[in-house]
Each structure stands twice: as structure tokens, then as C-alpha cells.
Amino acid sequence: MTIEEKIIQAVVAGVKALYDAVVIADQVQLQKTKKEFEGHLTVVVFPFVKIARKKPEDVAAELGKYLQDNAQDVVANYNVVKGFLNIVVSPASWIQLLNEISADEKFGFKEATNDSPLVMIEYSSPNTNKPLHLGHMRNNLLGSALARIIEANGNKVVKTNIVNDRGIHICKSMLAWQKWGNGVTPETAGKKGDHLIGDFYVLFDKHYKAECDELAKQYIADGMGEEEAKEKAKQDAPLIKEAHEMLVKWEHNDPEVRQLWKTMNEWVYAGFDETYKMMGVSFDKIYYESDTYLEGKEKVLEGLEKGLFYRREDGSVWADLSSDGLDEKLLLRSDGTSVYMTQDIGTAKLRYEDYPIDKMIYVVGNEQNYHFQVLSLLLDKLGFEWGKDLVHFSYGMVELPNGKMKSREGTVVDADELMADMIEDAYQVSKEMTKKVQIPEDEAHEIARKVGLGALKYFILKVDARKNMLFNPEESINFNGDTGPFIQYTYARIASILRKAEEAGIVVPTAIDSNVVISEKETDLIQKLNGFKAAVRQAGQDYSPSGIANYCYELTKEYNQFYHDFSILGEEDENKKIFRLALSKAVAKVVRLGMGLLGIEMPERM
RNA sequence: GGUCCGGUAGCUCAGUUGGAUUAGAGCAACAGCCUUCUAAGCUGUGGGUCAAGGGUUCGAAUCCCUUCCGGAUCACCA
């Protein structure tokens, strides 16, 4: 039983004994004692004031006395401030807690069992017509972190990706390549496939825009209004017509178009794989929209038969969601083809066939909140058990100083470039530091990779996912303060001490003698360490990677203060030295576990 | 216009299910600390009407209502 549990249990018993009233454990408010008061944990007694019919101070005093008498092993002392009962926990309890933390290699994690729910989490979901940018990175990092957090809370997790590999946007890239590519390939261009395809997409847009402008001018000269002319030009431009024709050919399985499509997609996937690998992101199962987009139709027609949906005179199929407070939603066009929503239903169908899903999480930007509200209702109506409670993990956009990222306007931050830059920065920063020990070049690069990516990942993940976040490319991501490298540095320092201890032949036992005299700072650290369990649970409940990031920062900040004020290897009292080593080791472990959940690697030295 | 989400220091952000005279970090600015386990660190100074107003109660940045500001969305686009 933990210290908290023991105290809560004692409070419940105390209320029963003193006031003959029954309270449950959840009603006991136990919190960390504020810095300015003496004690470690505080019981808020206001909830018991009515039961006891006494002043808050009196209740706190009586309860304090009871705890001291009946829970002697944990409660060493107590004091009362207004309605707050501050408890001083016995040093032996703290050391025992540290021993428990040390003994558990996966402290704070819950193992999945056979009965654990299966959670499927979808993230990334790229289009195949352009390389990944910073917005995708936020998605991927959040998704993979979330998957690990959910797994650490004792669930079975399947990570999935739905690749949007068909549609007009791919045709645009294909067409541009045909017209202006001169048979170039990633090999001959010396360029990643996704970037090459992205270039052709941009090229298409450039030519298309020129055509539109010209056409519009012509229309205006013919006496058309400006707005109308622009609209019409957009539809009439020869390039877009050609792209549409290509899409039709694709849908009709035209061998030539299909072959080109296949080839170009392969290039893109090879490029994506590199990016994913660098990001440290992976999937258990990848779905392709070209495989799923027809599946939804079947399901919709099934729903139509059951009378869940209705058909209009023009043949289009709709869902009426007005009774749920929403609008009507198109599911099949009048020509019988699918829309976005239909595809998502199709993907859901395939997934349900592939896995016994208990819960589904979609990591998708907040611009699609409405879409997922509708999807949830539709899936529920169609009989998917997890439909009603599907989670749309909705995250905010990444903004640049001059507004949103727009690939059309070229105001994007490319993921590959950004990662490479961060790693290079980390390498340079490290070079500038004066080091006592020379680090070999290949290890220096490996450290720079961990640190550069750590800085980037932490920068993105520490922010509450719901909020839009600002990224200023002008100011590069910092390596000081509340950053990934700060945490990694702390870890590297501990690793260094542990190496030295080992060299000196010091063995850190798994269990520390509970009679060692420890300081306030040290009990604070143990208490903080213990908070990891709650942080993991909370992050799992709230789907909050940022909660883990903030925890890791608080823990390392606390440790750095300790590191500064206390000597570890220089401590003369052998028992204290061993204790501090064990404490440091536990901090390193928890930091590694916590940052591991975020996909951030720890260097053994920096 | 309807719905949803945000608004905390000059900037970027924390603030666990309401809790303690003084709302916390980091960056930026300024001032200190390396003959001692890694100074990517530590310590200090300045900086706030928690968007505004009302309500709920022992107690509100946190919950409720109203208003203001910003964003998203409401397509036979994906």
C-alpha cells in the first residue's frame, strides 16, 4: 500500500471513529503540502465539517491526533492551518517508497492482460502528393506518444495509418510529371520521392494558376463579372480538366494511369518511410484509401435498406441528423460515387473485420471536429459498437508568425529539413561546449541526433494538444530551460555519476536502509518520483502527452536543484552516499520511462 | 447566423477532479555562482485587473450565465 493509500484509509477510519459517519476514499482530498507550510501531504477537512458539526480547525486537530495514534508508521507529525491538516510523513516511509520504485523496472506502467481492451489508434494519414510538414509532425508525434501512453495504462494497442493515396490531388502531381518531368526519378534527381512528387504538385499549381488568370482575363474582357469569371476559369482551365480525366481513367482501371500511379506512390512511400524512421514513428497496420473507398458504399446502401438513411430524387443518399442536433449529411453523390464520409465508414468496416476493436481513437486536426461528430453518430447507427464512444483526439494547428501553414503559398516548414536542421544545431551547440572528455565523432553525431530530435519533439509535445501552437522558424528551438535537452542533460549527468560509482566499485543495493537520515529536498524528490504513476494514469485518462512532458520537466528541475546543493560521490557518510545514488538512479529511470513515452531518447552523455 | 474550441507576464506555455495572505515555469533583460559528481546547470531582481462583468460558496484562473476578442466548422472538397 502506498503512503497516500495508507493515509486515506486512516482518514476514513478516523471519521468513522470520531464522528460515526461513513465516507468513501474518493471523498478524502489529499494533496501535496504547499511549500510555505511544514509537512508533505495535506488533508483538506472542509468536506467533513458538516458531518462533524465542528469548526474546521477542530476537525483537523482531532483527525490529526487520530492519524498520529493510528497510523504511526507513516504519520510522524502533523499541524493544522485553518481547515488544512498538514501531515509530516516519517522518513522510513519515504525510503521504503523509494525502494519500491527502484524495484519496479517499469514503475508507473500497467501491463496489458488478455482481458485488456483493444484500442486502435489512427494517426498520420498523409496525402501522397507532398512531403510531410510540421503540421504532420505534430500529428505523428502526438499519435505515437498517445499510443505508448495508452499502452502504459494497460491496454492493447494497434497503431494504424490510413493513406490517402487516390484522388484529384495525386492526379495533379502525376499529370505534371508526365508533362514536364522528362522521365525524372528520385534516383536521377537525387531527391527523396515525396519531395520530388511534391515539387510536381507545386509545378502543377503554378501552371494551373497561370491558366486561370489568363482565362479569367479573357472572360472579363467578354463582359463577365470578376468573381464569376474567376470561378469559371477555375473549372474551365485545360489543366484541371485533364487532371479530372486522369482521375476518371484511374477509376476505370486504365492500365497506363494505374501503372504511373503505382510507380509514383512507391516513390512517395519510400520517402515517407525515411521520414517516419527519423521521427521514430511506426504502425502496426496501414490501410490505403484506394482499397477502402468502395467499401463504404456497401455499408451505406445497407443502412439505406434498413431505413437509416434516405434517397433523394436525384439519387443521392443522405443521413438526416437533425434529431441529433446536426444537419443532413451527404453519403453518396447522385452519380453514386463516395464522399469523404463514405470512405471513413468503409475504413471502419474493414478495421472492424480485421480487429476486435473496443475503442477507436482518431488523431486528426480540430478542423474536422464536425466530421467526427457526424462519423460517430453514423457508425453508431450502422451498428459499430465503438462508434458512439469513438474518440476524436483533436489537436490545434501549428501556426507560423505570419499565420497558418499553407502549402499552396509555400509557407510550410518541411519535416525532413526541420529535423536535419535541429540535429545540426545540436551538433554545433555541443561542439561549442568545452568538454573535459573528448567524445568520438560518431558518438557525437548520435548524441546530436537524440538531442536535436529531443528538442523538437519536446517543443511540440509539451504544449496542450488542443491549443494552436506557434512555431517561429526565425528563432530556432532552444536548448536551455524548459526543453528536451535540459531533461536529457540531467539524465546524462546522472548516467555519468552512475558510471563513476561503478568504476569505483560501489554497488547500489535494491533496498536502502530505512534509517538513513534524509533531507527535505530528498523527500521532495521521492514524492515527485512517486507522482509518475499518477501522471501516467492522468495522461491516459485525458489523452495528454503534454502532461507527461510537464511531469518530466518538474522532476528534472527538482533533481537539478538537488544535484547542485548536495554532493553525491563526495558524501562522506557511506549510507547517505548509497541512498543518493539509489535516488539518482531512480530519477534517471523514471525520466527515461517518461520521455520514452514521448518517443524521446536519452543520451548516456552529452 | 448555428455549433465547437481557445483568451493566464513583452514572448512561449504550466496550473491535476474548485483549496491555503504572495497565480507558477521557461525565453528575453539585468545581477551573482565553475581549483569540487557535466555551467545545455544553479541562485536572485524586475514583469499580471488570470479578456470583461455578474452568479454559485467557507474558498473561483478553475463551475454557471452574459458580453468582448481570436480560431475552426456548417460543400455532390478531402
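Convention: sequence-line order gives letters A, B, ...; per-chain numbering from 1. Values below: every heavy atom of this structure, side chains too, minus hydrogens, waters and symmetry copies.
Donor-acceptor pairing under 3.5 Å, judged by distance alone, is present between the side chain of N86(A) and the base of A20(B). Side-chain N/O atoms of T42(A) and base N/O atoms of A20(B) include a donor-acceptor pair closer than 3.5 Å.
Comparing the same atom, C1', in U43(B) and in C34(B) gives a spacing of 14 Å after rounding to whole Å. Distance check on atom P: A14(B) versus A40(B) gives 27 Å, rounded to whole Å. Atom C1' of C65(B) sits at a distance of 40 Å from the matching atom of A28(B), rounded to the whole Å. Here the separation of A72(B) from G53(B), taken at their C1' atoms, is 27 Å to the nearest Å.
Taking atom CG on L375(A) and atom P on U73(B), their separation rounds to 18 Å, with Å as the unit. Counting to the nearest Å, the P atom of A78(B) and the CG atom of N129(A) are 14 Å from each other.
For the pair K82(A) and D565(A), nearest-nucleotide mapping onto RNA chain B gives the more 5' position to K82(A).
Contact between the side-chain N/O atoms of S496(A) and the OP1/OP2 oxygens of U38(B) is found at a separation under 4.0 Å. Phosphate proximity of A78(B) to R333(A): present, with a side-chain N or O under 4.0 Å from OP1 or OP2. When the side-chain nitrogen and oxygen atoms of Q561(A) are compared with OP1 and OP2 of U43(B), one or more of them lie within a distance under 4.0 Å. At the phosphate of A40(B), neither OP1 nor OP2 sits under 4.0 Å from any side-chain N or O atom of R493(A). Remark: K557(A) is in phosphate contact with G26(B), judged by side-chain N or O atoms under 4.0 Å from OP1 or OP2. Using a 4.0 Å cut-off, some side-chain N or O of R466(A) falls inside it from OP1 or OP2 of G6(B).
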Would you write out the dot-bracket form of RNA chain B, 5' to 3', with Watson-Crick and G-U pairs under 3.5 Å, [ ] for crossing pairs, | for pairs to other strands and . for unpaired bases?
-> (((((((..((((.....[....)))).(((((.......))))).....(((((..]....))))))))))))....
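In this structure, F84(A) packs face-to-face on the six-membered ring of A20(B), meeting both the 5.5 Å centre cutoff and the 30° plane limit. Here F37(A) lies parallel enough and close enough to stack on the base of A20(B), with planes under 30° and ring centres under 5.5 Å apart. By the criterion of a centre-to-centre distance under 5.5 Å and near-parallel planes under 30°, the ring of F46(A) forms a stack with the base of G19(B).
Side-chain contact between L453(A) and M422(A): absent, with no pair of heavy atoms (C-beta onward) separated by less than 4.5 Å. Residues Y288(A) and T292(A) form no side-chain contact, since every pair of their non-hydrogen atoms from C-beta on lies 4.5 Å or further apart.
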Can you give the donor-acceptor pairs under 3.5 Å from side chains of residues 528-540 of chain A to other protein atoms, not counting sequence neighbours?
from    : atom 1 : to      : atom 2 : distance (Å)
K528(A) : NZ     : E554(A) : OE1    : 2.7
N530(A) : ND2    : E4(A)   : OE1    : 3.3
Q538(A) : NE2    : D542(A) : OD2    : 3.0

Protein N or O to nucleotides 27-30 of chain B N or O, pairs below 3.5 Å:
none

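With respect to the salt-bridge test (charged N to carboxylate O, under 4.0 angstrom), the residues K577(A) and E572(A) do not qualify.
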